[in-house]
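The block underneath contains the structure these notes are about, expressed in structure tokens.
We're numbering straight along the sequence, starting at 1.
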Amino acid sequence: WYGFNPGSTLTMKSGSDGALAAQVAMNTTLAAATGGITVFLLRYVIMHKYDVGALCNGILAGLVSITAGCGNMESGSAVATGLIGG
């Protein structure tokens with residue numbers, strides 16, 4: 001995901017291109033982390049057990065949910081996307 005999402009900017013010739021790639025990488029990270037934590041906590045509340053497999057699935061769901069819009073949203077929206085996707 002980190003090769004695809006930030007790499008989709010297609011160039012690093014200017015500072016604004018680099019800033020966009022950095023924003024995309026940050027949004028990808030935030031959505032993945034939020035998706036993982038969301039599923040992990042929901043599984044703990046429901047099952048009263050820690051489930052690392054659910055954490056990994058939540059991270060994957062966060063990554064999938066952020067892929068299309070990672071360059072067109074701000075950080076708070078990326079967190080919300082990961083929360084909903086997870």
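- Taking both residues in full, the closest heavy atoms of G86 and A61 are given as CA-CB, 4.2 Å, listed atom of the first, atom of the second, then distance.
- Each of I46 and V52 belongs to its own hydrophobic cluster when Ile, Leu, Val, Met, Phe, Trp and Tyr are linked at side-chain heavy-atom distances under 4.5 angstrom.
- In this structure, I59 is a member of the same hydrophobic cluster as Y44, with clusters built from ILVMFWY side-chain heavy atoms closer than 4.5 Å.
- For residues 45-63, every residue pair satisfying the salt bridge (charged side-chain N to carboxylate O under 4.0 Å, His left out) rule, not counting sequence neighbours, is listed here: R43-D51.
- In the hydrophobic clustering of this structure, V39 does not group with L83; members are Ile, Leu, Val, Met, Phe, Trp, Tyr whose side-chain heavy atoms approach within less than 4.5 Å, directly or through other members.
- Hydrophobic clustering, with ILVMFWY side chains joined whenever heavy atoms are under 4.5 angstrom apart, groups L63 together with F40.
- With hydrogens and angles ignored, the 3.5 Å screen pairs no side-chain donor or acceptor of T34 with any backbone N or O of A31.
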Tabulate below the donor-acceptor pairs under 3.5 Å that side-chain atoms of residues 18-30 make, not counting sequence neighbours, or state none.
{"from": "Q23", "atom 1": "NE2", "to": "N27", "atom 2": "OD1", "distance (Å)": "3.4"}
{"from": "N27", "atom 1": "ND2", "to": "C70", "atom 2": "O", "distance (Å)": "2.9"}
{"from": "N27", "atom 1": "ND2", "to": "M73", "atom 2": "O", "distance (Å)": "2.9"}
{"from": "T28", "atom 1": "OG1", "to": "N5", "atom 2": "ND2", "distance (Å)": "3.1"}
{"from": "T28", "atom 1": "OG1", "to": "V24", "atom 2": "O", "distance (Å)": "2.8"}
{"from": "T29", "atom 1": "OG1", "to": "Y2", "atom 2": "OH", "distance (Å)": "2.8"}
{"from": "T29", "atom 1": "OG1", "to": "A25", "atom 2": "O", "distance (Å)": "2.9"}

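- Here the closest non-hydrogen pair linking G62 and S65 is O-OG, 3.0 Å.
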